[in-house]
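The figures that follow rest on heavy atoms only: side chains count, while hydrogens, waters and symmetry mates do not.
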Amino acid sequence: MLKVRSATPSSAESRNSRLIRIRWLDVVTNADLAEVGGKNASLGEMTRAMAESGVRVLSGFATTAAAYWEFLEANDLCETLQTELEKFKSQQQALEETGKRIRLAIRESDFPGELEDEILAAYRKLSNRKKVERGSVAVRSSATAEDLPEASFAGQLESYLNVRGDEALLAACRNCFASLYTDRAIAYRREHGFDQLRIALSVGIQSMVRADKATAGVMFSIDTESGFPDIVLINAAWGLGESVVQGDVDPDEYRVFKPLLKNGLRPIIGKSLGAKATKVIFAPADGAPTKSIKTSKREREQWALAAC
């Protein structure tokens, strides 16, 4: 059985008013994996490293594993989870029904007072940094056993973009907690020997930029096919990067040779123009937070990164 980095806290710890429920990303490191999970720990490392290089990374904070356990305990969800998972394990209940029941129980639960207050206070502080009343944020799941050498939970957990307002933020956090029990995640953990009830979830809340008015994408620090370390692979498309991450769009691709970049020479050794048929943009406040629309003929024929 694989070793998981977090464990359920005692009741006394959950009731402790000095419990660390929130961590700001600019002070998080890989040493905090058990507290904020792989994704948020990596964001913290990037924030610190980029600041030293003069590159700005958007501010954000993360709820901790302790906050997750406190949420479960306050709503008596630990017993619910154990009961439903036992039904699945003993084949008394189908995977689909098990996941549905657990996710519904989590989504219908309330945040305990102090935890809710701390999340909203951090959200207000984050918004104040951008000089807005309630800023637009990305709300992302980060499991505390995420991306171990033996296994990866990539793509199994949920993220939400352009979340605005107190109630929307709390709902997105609950949905992230619930996504720890998608059908795929439950089945994967069972197959790989994870103890279902000893994995916690941290939620990362990070300010957003209006990438939907420009371009975004994904950069890999090595060549993804060969593993060659001197290549940087960039996939870019119009709008929010979510369409690239989810594989919903055929992006432009750029291959950058690192040694040439360091020597001040033209580093792009290859590129291909993607179809970029659609893009994800912010939606009006009275509906879904984002929407996918068709790109124009000009956008499809242009490179997403003009300088390249």
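The nearest pair of heavy atoms linking S109 to R174 is O-CD, 3.0 Å. Here the closest non-hydrogen pair linking A34 and A65 is O-CB, 3.6 Å. Closest non-hydrogen pair, L180 versus A143, comes out as CD1-CB, 4.4 Å. The shortest non-hydrogen separation linking E70 to L19 is OE1-CD2, 3.8 Å. Closest heavy-atom contact between S202 and T63: OG-O, 2.5 Å. Among all heavy-atom pairs drawn from A62 and L25, the shortest one is CB-CD2, 4.3 Å.
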Walk me through it: do K276 and D252 pass the test salt bridge (Lys or Arg N to Asp or Glu O under 4.0 Å)? CA-CA 8 Å; K276 305 186 295 294; D252 296 343; 2.7 Å; yes

Show the numbers, then the answer: is there a side-chain contact (heavy atoms from CB on, under 4.5 Å) between I22 and E118? CA-CA 7 Å; I22 300 294; E118 290 193 30; 4.0 Å; yes

Please step through side-chain contact (heavy atoms from CB on, under 4.5 Å) for the pair V203 and L201, ending with a clear verdict. CA-CA 7 Å; V203 180; L201 191 124; 3.7 Å; yes

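Remark: the backbone N or O of A31 is paired with a side-chain donor or acceptor of T29 at under 3.5 angstrom. No donor-acceptor pair under 3.5 Å is formed between the side chain of K258 and the backbone N or O of I222. Side-chain atoms of S159 do not come within 3.5 Å of backbone N or O of R140 as any donor-acceptor pair. Side-chain N or O atoms of W238 include one that pairs as donor or acceptor with a backbone N or O of E299 at under 3.5 Å. Of the possible donor and acceptor atoms, one in the side chain of R300 sits under 3.5 Å from a partner among the backbone N and O of T295. Between the T64 side chain and the I20 main chain, a donor and an acceptor come within less than 3.5 Å of each other. In terms of modelled atom types and a separation under 3.5 Å, the side chain of N75 and the main chain of D110 share a donor-acceptor contact. The main-chain N or O of C173 is never found under 3.5 Å from a side-chain atom of Y160 such that the two would form a donor-acceptor pair.
With no hydrogens or angles considered, a side-chain donor-acceptor pair links R189 and Q196 at under 3.5 Å. N162 and S136 share a donor-acceptor pair across their side chains, judged by distance under 3.5 Å alone.
For the atom pair CD1 of I231 and CZ of R255, the computed distance is 7.0 Å after rounding to the nearest 0.5 Å. In this structure, the separation between CG on L115 and CG on L170 is 8.5 Å, given to the nearest 0.5 Å. Here the straight-line distance linking atom NZ of K291 with atom NZ of K279 works out to 10.5 Å at 0.5 Å rounding. Atoms CD and CD, from E84 and E79 in turn, are 11.0 Å apart once rounded to the nearest 0.5 Å. Expressed to the nearest 0.5 Å, how far CG of D250 lies from OG of S272 amounts to 7.5 Å. In this structure, the separation between CG on L77 and CD1 on I106 is 6.0 Å, given to the nearest 0.5 Å.
Both L273 and L305 are assigned to one and the same hydrophobic cluster, defined by single-linkage of ILVMFWY side chains at heavy-atom distances under 4.5 Å. Hydrophobic clustering of Ile, Leu, Val, Met, Phe, Trp and Tyr side chains at less than 4.5 Å, counting indirect connections, unites F111 with V139. Hydrophobic clustering (ILVMFWY, side-chain heavy atoms < 4.5 Å, transitive): M46 and M219 are in distinct clusters. V132 and F282 are members of different hydrophobic clusters when ILVMFWY side chains are connected at heavy-atom separations under 4.5 Å. When hydrophobic clusters are built by joining Ile, Leu, Val, Met, Phe, Trp and Tyr residues whose side-chain heavy atoms come closer than 4.5 Å, directly or via intermediates, F177 is grouped together with F61.
The side-chain heavy atoms of K130 and S207, taken from C-beta on, include a pair separated by under 4.5 Å. No side-chain heavy atom of L169 sits under 4.5 Å from any side-chain heavy atom of R134. Contact of the E158 side chain with the N175 side chain is not registered, since no non-hydrogen atoms from C-beta on lie closer than 4.5 Å.
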Report all side-chain donor-acceptor pairs from residues 241-249 shorter than 3.5 Å, counting only partners two or more places apart or in another chain.
| unit_1 | atom_1 | unit_2 | atom_2 | d |
| --- | --- | --- | --- | --- |
| E242 | OE2 | Q246 | NE2 | 2.9 |
| S243 | OG | L240 | O | 3.4 |

In a table with atom names and distances, give each donor-acceptor pair under 3.5 Å that connects a side chain of residues 95-103 to protein atoms at least two apart or in another chain.
| unit_1 | atom_1 | unit_2 | atom_2 | d |
| --- | --- | --- | --- | --- |
| E97 | OE2 | R101 | NE | 2.9 |
| T98 | OG1 | Q93 | NE2 | 2.9 |
| T98 | OG1 | A94 | O | 2.9 |
| R101 | NE | Q93 | OE1 | 3.3 |
| R103 | NH1 | G99 | O | 3.4 |
| R103 | NH1 | Y181 | O | 2.9 |
| R103 | NH1 | D183 | OD1 | 3.2 |

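Ring geometry for F257 against F228 counts as parallel: the plane angle stays under 30°, on a 0 to 90° scale with 60° as the upper cut.
Other members of the hydrophobic cluster containing V28, listed by chain and number, are V36; membership follows side-chain contacts under 4.5 Å among ILVMFWY residues, whether direct or relayed.
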